[in-house]
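This report refers to the structure that appears directly beneath it.
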Amino acid sequence: MTYDLTTLENRCKELKINLDQNQKNQFISFYEYLIEKNKVMNLTGITEFEEVLIKHFLDSLSCVKAIDLNNVNSVIDIGTGAGFPGIPLKIAFPHLKICLLDSLNKRVKFLEESFKVLDLSNIKAIHGRAEEYAKNKEYREKYDLCVSRAVSNLATLCEYCLPYVKVGGTFISYKSGKVQEEAVQAEKAISILGGKMEDIVYFKLPGSEIDRSLVVIKKIKATSGKYPRKAGIPLKEPLVTE
């Protein structure tokens, strides 16, 4: 089957991302494998090629609006689901060493199969809860960049994600709509966890009226060993400003 990659090519150029033919083929292969596996497991509600290009692939790559990935070596994607944003970032920036974490084992198996289909190296998927792996010395404060498109509130996400980020590194939360109020409520959590709000980048998804936000948080000091709290607590009792 032939696919029209015009949208991907043009929008990547706008993002100053240059894709060679192999990378374009990898995006097509990932789309085909995603749709094939989606028939037997719930990976995405978005299945039309053009929609996947925009709402999954280009949305994942949008973090280049907030950070120069050429200066990043290691990335962890928390709550990656079907591999977003981690796999598109790996395809577009092959030098990245990426870890994808998800709480559902069958999704992790899908991700591991995807790496083989796409012939990706220096990428792995791990099964478990963010609260648990963050206590593991192999993962704690080891990453230049943490990304997440998960839907939890920002204060909860910060408790899940900031413990993985090196001092001097960055956490970028992908959010829908405008997030000023949520960002203000998360200020206490960000401070407690060793972070500092650096920026919020607003943009619309290409060719749509869909508002997206990238919340950029810099890690300025080590996270206290008591965080993240036990599984379930960050979600039930986020560290929000009263």
Side-chain angles (χ1 to χ4, degrees), residues 60 63 66-67 72 74-86 89 97-109 111 124-200 213-242:
S60 293
C63 77
I67 192 168
V72 171
S74 54
V75 180
I76 187 164
D77 177 3
I78 302 295
T80 187
F84 303 113
L89 291 175
K97 185 177 181 182
I98 297 189
C99 178
L100 311 179
L101 183 145
D102 198 80
S103 60
L104 200 61
N105 197 41
K106 64 180 180 179
R107 279 199 295 255
V108 170
K109 293 247 186 326
L111 295 169
K124 68 177 180 178
I126 53 176
H127 168 237
R129 298 185 70 108
E131 303 99 315
E132 291 161 3
Y133 270 100
K135 299 286 189 183
N136 185 321
K137 286 180 182 175
E138 189 182 338
Y139 297 93
R140 190 176 183 89
E141 298 190 327
K142 296 296 185 191
Y143 294 90
D144 301 321
L145 175 65
C146 177
V147 289
S148 183
R149 285 210 317 170
V151 294
S152 297
N153 76 66
L154 186 58
T156 299
L157 280 173
C158 285
E159 190 167 351
Y160 289 155
C161 295
L162 276 170
Y164 291 94
V165 181
K166 294 176 182 175
V167 174
T170 307
F171 165 44
I172 295 179
S173 173
Y174 291 64
K175 288 285 186 180
S176 56
K178 308 286 192 200
V179 293
Q180 291 99 326
E181 188 177 332
E182 193 178 341
V184 169
Q185 289 179 336
E187 281 177 358
K188 176 183 173 186
I190 293 167
S191 177
I192 288 171
L193 297 161
K196 181 185 178 187
M197 179 81 71
E198 191 169 71
D199 197 8
I200 302 176
S213 305
L214 299 168
V215 183
V216 186
I217 297 167
K218 202 75 178 169
K219 182 77 170 275
I220 58 172
K221 62 181 180 182
T223 304
S224 165
K226 63 179 157 180
Y227 299 108
R229 292 166 292 168
K230 286 182 181 173
I233 296 176
L235 190 60
K236 289 178 193 162
E237 301 172 20
L239 300 165
V240 294
T241 304
E242 297 303 328

Which distance, rounded to the nearest 0.5 Å, do you find between the [atom1] of [X] and the [atom2] of [Y]?
X	Y	atom1	atom2	value
Ile190	Leu154	CD1	CG	5.0 Å
Lys106	Leu111	NZ	CG	13.0 Å
Leu162	Thr223	CG	OG1	5.5 Å
Leu89	Asp77	CG	CG	7.5 Å
Ser173	Ile78	OG	CD1	12.0 Å
Ser213	Ile200	OG	CD1	7.0 Å

Sidechain N-carboxylate O distance under 4.0 Å for [X], [Y]:
X	Y	answer
Glu138	Lys124	yes
Arg229	Glu159	yes
Glu182	Lys175	yes

Between Ser152 (side chain only) and Leu157 (backbone N and O only), is there a donor and an acceptor less than 3.5 Å apart?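 Not a single qualifying donor-acceptor pair exists.
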His127 side chain vs Val108 backbone, donor-acceptor pair below 3.5 Å: no
Taking side chain as C-beta onward, heavy atoms only, is [X] less than 4.5 Å from [Y]?
X	Y	value
Ile217	Thr170	no
Val215	Met197	yes
Ile220	Val167	no
Phe171	Ser148	yes
Val216	Ile67	no

Looking at [X] and [Y], what are the two nearest heavy atoms and their distance?
X	Y	value
Tyr164	Tyr139	CD2-O, 3.7 Å
Gly86	Ile98	O-CD1, 3.5 Å
Leu101	Ala130	CD2-N, 3.9 Å
Ala155	Val240	CB-CG1, 3.7 Å

Should we say atom NZ of Lys178 is surrounded by more than 12 heavy atoms from elsewhere, each under 6.0 Å from it?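 Check passes, neighbour count above 12.
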Within a 6.0 Å radius of atom CD on Glu181, are there more than 12 heavy atoms belonging to other residues, nucleotides or ligands?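 For Glu181, atom CD is not crowded (no more than 12 foreign heavy atoms under 6.0 Å).
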Which of these passes salt bridge (charged side-chain N to carboxylate O under 4.0 Å, His left out) with Asp102: Arg129, Arg107, Lys109? Arg107
Do any pairs count as a salt bridge (Lys or Arg N to Asp or Glu O under 4.0 Å) and have a residue in residues 145-154, sequence neighbours left out, and if so which ones?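 Salt bridge (Lys or Arg N to Asp or Glu O under 4.0 Å) check on residues 145-154 returns Asp59-Arg149.
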Report the C-alpha distance between Thr80 and Phe84 in whole Å, list the side-chain angles of each, state the deciding distance to 0.1 Å, and finish with yes or no for side chain to side chain contact (heavy atoms under 4.5 Å, CB included). CA-CA 5 Å; Thr80 187; Phe84 303 113; 5.7 Å; no
With Pro163, the side chain to side chain contact (heavy atoms under 4.5 Å, CB included) member among Arg140, Lys219, Glu141: Arg140
Test side chain to side chain contact (heavy atoms under 4.5 Å, CB included) applied to Ser74 - qualifying residues, sequence neighbours left out: Tyr143, Asp144, Lys166
